[in-house]
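Letters A, B, ... mirror the listed sequences (proteins, then strands); counts begin at 1. Since the model is a prediction, treat every value here as computed from it, not as a measurement.
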Number of protein chains: 2
Amino acid sequence: MRLILNMRSTKKVSTTSPNSSPETAARIKQAAIGEFAENGFTKTTIRAIASAADVSPGLVIHHFGSKEALRTACDDYVFTAITEAKEANAQYSTMAIQLMFEDPQMRTNVDYLVKSLLDPSDHGQRFFEHYIDVVENFVTQGIAGYTFRQSTDPRGQAAMIASFALAPMVLSERLRTSLGTTDIKDTMTRLAPHLLDLYLNGILDSIPDAEVGTDSNGDDQS
Amino acid sequence: MRLILNMRSTKKVSTTSPNSSPETAARIKQAAIGEFAENGFTKTTIRAIASAADVSPGLVIHHFGSKEALRTACDDYVFTAITEAKEANAQYSTMAIQLMFEDPQMRTNVDYLVKSLLDPSDHGQRFFEHYIDVVENFVTQGIAGYTFRQSTDPRGQAAMIASFALAPMVLSERLRTSLGTTDIKDTMTRLAPHLLDLYLNGILDSIPDAEVGTDSNGDDQS
DNA sequence: GCGACGATTGAACATGCGTTTAATATTAAA
DNA sequence: TTTAATATTAAACGCATGTTCAATCGTCGC
C-alpha cells in the first residue's frame, strides 16, 4: 500500500501522457518560440521559457541540451512552418502575407524570424537568403498577375525588394507607435496604398538637371 | 621620504591631464557609443566599455551613475550630433547620406541609432519620429531638385519612405553577406540604381485583370 | 605646507544567468 | 515483481554582470 503524493505542479497531471517526452518537449519549444519572438534571443532566459511552459529550468536543458541548441530547434521548426505555409498559399501569393498577420501562430513565427534576422547569428542569414530567392522568383515569374520590370542585376534588385518588404515588420513597433495603429495588420492596411502606388508609379515626378555622380556641385544651385 | 609607485595601467600617465574629469568622461562616452553601436545595448557590458576607454569599471559608474544613465547620455549626444550634421549638410541633402557612410564617426553614430531603433526603449522612438518629420519635409518641399508626388496621407507616406530608407541600414549585415559587398557604403552603391529606378518609375509594369480582393484565381494563366 | 575634494582604482558584493547534479517519480521491459 | 530507463524537480554550482566600497593619488584654495 504505497501512498503516492504528487505535489508537483497542480496542473498537467491527467493528460494521459505521464512519461512521454515529445509532448512536453513540443510545449517547451512553443514556449521558447513565443519568448524569443517577443523579447529576442539574448534577453530571453531559460527560466522564463520554463515558466511559460510550466516546467523546471532543468527540464529545458534536459530536452534540448543548451539554450543555443534550443534556439536551433526553434529555428528549424519556424523555418519549416513558414515555408510550408507559404507553399500552401502559393497560389494566393499576396494573400499569403495577409494570412500571416491574421493567424496568431504565424504572426509569432514571423516575429521570431524578424528577431532572428536582427541577431548577428548564422541562423537568420539562411532565412534572408531564402527570402531573397523567393523575391527573385517573383520578379522573374511575376506574382498574382503582376509582372516586374527586369534588371541587369536581378540579385541586387531582389535584395532591395526583400529589404523593403521586411522593413515594416522589423520596424513594426516604431511604426505602430508613430502612426497610432493598433497592430501590424492595421499598420499594413495604412501603408498598403502607398506601397502599391510606389511600386506601380514610383514617387518622384521630376529629375533634377544635374545627374547623380557628376558632382560638379556649385553649391548655389538653388 | 615617500616612495610613490604608480603601477596602474602603464599607458596614460603623462597625458598632462591628471585630475580633469570632462576629458575622461568624454572618452568613456565615446567608447560606450562605439560598443553600443557594434553590439547593441544589452550585449554590451560596462567592463567592455571601461576596457575600451582604458579605465576601471567603477569609474564608468562614478561618472554616469548607471549603465542606463550612460545610455541616455549617449543617446542625447548622438541625436544632437546627427541632427547638427544633417543641418550642416542640409543643402547637400542627398550628399549628406553619402557623407554618413564616409565619415567613420558618423557611421558609428548611425549604427548607434539603428541599434537604438531596434531596442524596445523610448529612446529610439524619438529619433524615428524626428526622421519621419524630416522625410515629410522632403516630400512636401522636394530635395536636391527632385520633387515628390503628394499623397492624401502624407504621414503614412513619409512613414513608408522612412522605413524604406532605414531598411538597408537595419539589415546592412544581412545584405553585406548576401551580396558579398565589403561594407555598407559598398552595399548602398550596389543598391543605388535600383532605388533610384524604383522611386522614379516604380517596378511593376502591368496590373492584373482581377483587382486585389476579387481573387478569382484561374491558376493556369501562363 | 595643508587639508579638502574629486578622480581613479582594485576588490568585493549581490544578483541573475546557463547549466549540473542528485534525488524522486513514472513507465516499459524482463 | 523486479529492473532499467526516462521524465522531472529542487537545489546548487560557476560565472558574468552591474554596482558599491574603501583606499590612494593628484590638484587646488587657504
Within the sub-3.5 Å range, which N or O atoms of nucleotides 16-18 of chain D have a protein N or O partner, and how far apart are they?
unit_1	atom_1	unit_2	atom_2	d
dG18(D)	OP1	Thr44(B)	O	3.4
dG18(D)	OP1	Lys67(B)	NZ	3.0
dG18(D)	OP2	Ile46(B)	N	2.9
dG18(D)	N7	Arg47(B)	NH1	2.8
dG18(D)	O6	Arg47(B)	NH2	3.1

Do the side chains of Arg190(B) and Asp153(A) get close enough for a salt bridge, i.e. N-O under 4.0 angstrom?
yes
Under a 4.0 Å heavy-atom cut-off, which of residues 32-39 of chain A touch DNA chain C?
none
Please give, in whole Å, the distance from dT8(D) P to Asp54(A) CG?
11 Å
Expressed as a whole number of angstroms, how long is the span from Glu68(B):CD to dT19(D):C1'?
15 Å
Measure from CD on Glu23(A) to P on dT26(C) and round the result to the nearest Å.
17 Å
Measure NE2/His62(B) against C1'/dG10(C) and give the value in whole Å, please.
16 Å
Residue pairs, two or more places apart or on separate chains, that pass ring-ring contact (aromatic ring centres under 6.0 Å, His included) and touch residues 34-59 of chain B
Phe36(B)-Phe41(B)
The side chain to side chain donor-acceptor pair (under 3.5 Å) partners of Thr44(A) (sequence neighbours excluded) come to none
Side-chain donor-acceptor distances from residues 158-171 of chain B under 3.5 Å, at least two apart:
unit_1	atom_1	unit_2	atom_2	d
Ser163(B)	OG	Ala159(B)	O	2.8

Verify the contact: side-chain N or O of Thr24(A) to OP1 or OP2 of dT8(D), cut-off strictly under 4.0 Å; return yes or no.
yes
Between CZ of Phe64(A) and P of dT19(C) the distance, given in whole Å, is 13 Å
Residues at least two apart in sequence or cross-chain that pass ring pair (Phe, Tyr, Trp, His ring centres under 6.0 Å) with Phe128(A), listed by chain then number, are none
Which residues share a side chain to side chain donor-acceptor pair (under 3.5 Å) with Asp133(B), sequence neighbours left out
Arg155(B)
Pairs where residues 164-175 of chain A contributes a residue and the test side chain to side chain donor-acceptor pair (under 3.5 Å) is met, not counting sequence neighbours:
Glu173(A)-Arg176(A), Arg174(A)-Gln125(B)
Round to a whole Å and report the spacing from CG of Leu59(A) to P of dA25(C).
17 Å
Could you tell me which residues satisfy side chain to side chain donor-acceptor pair (under 3.5 Å) with Asn109(A), sequence neighbours excluded, listed by chain and number?
Gln105(A)
Shortest non-hydrogen separation from Met188(B) to Leu195(B) and the atoms involved
CE-CD1, 4.3 Å
Closest of dA7(C), dT19(D), dT19(C) to the Pro57(A) side chain is dT19(C)
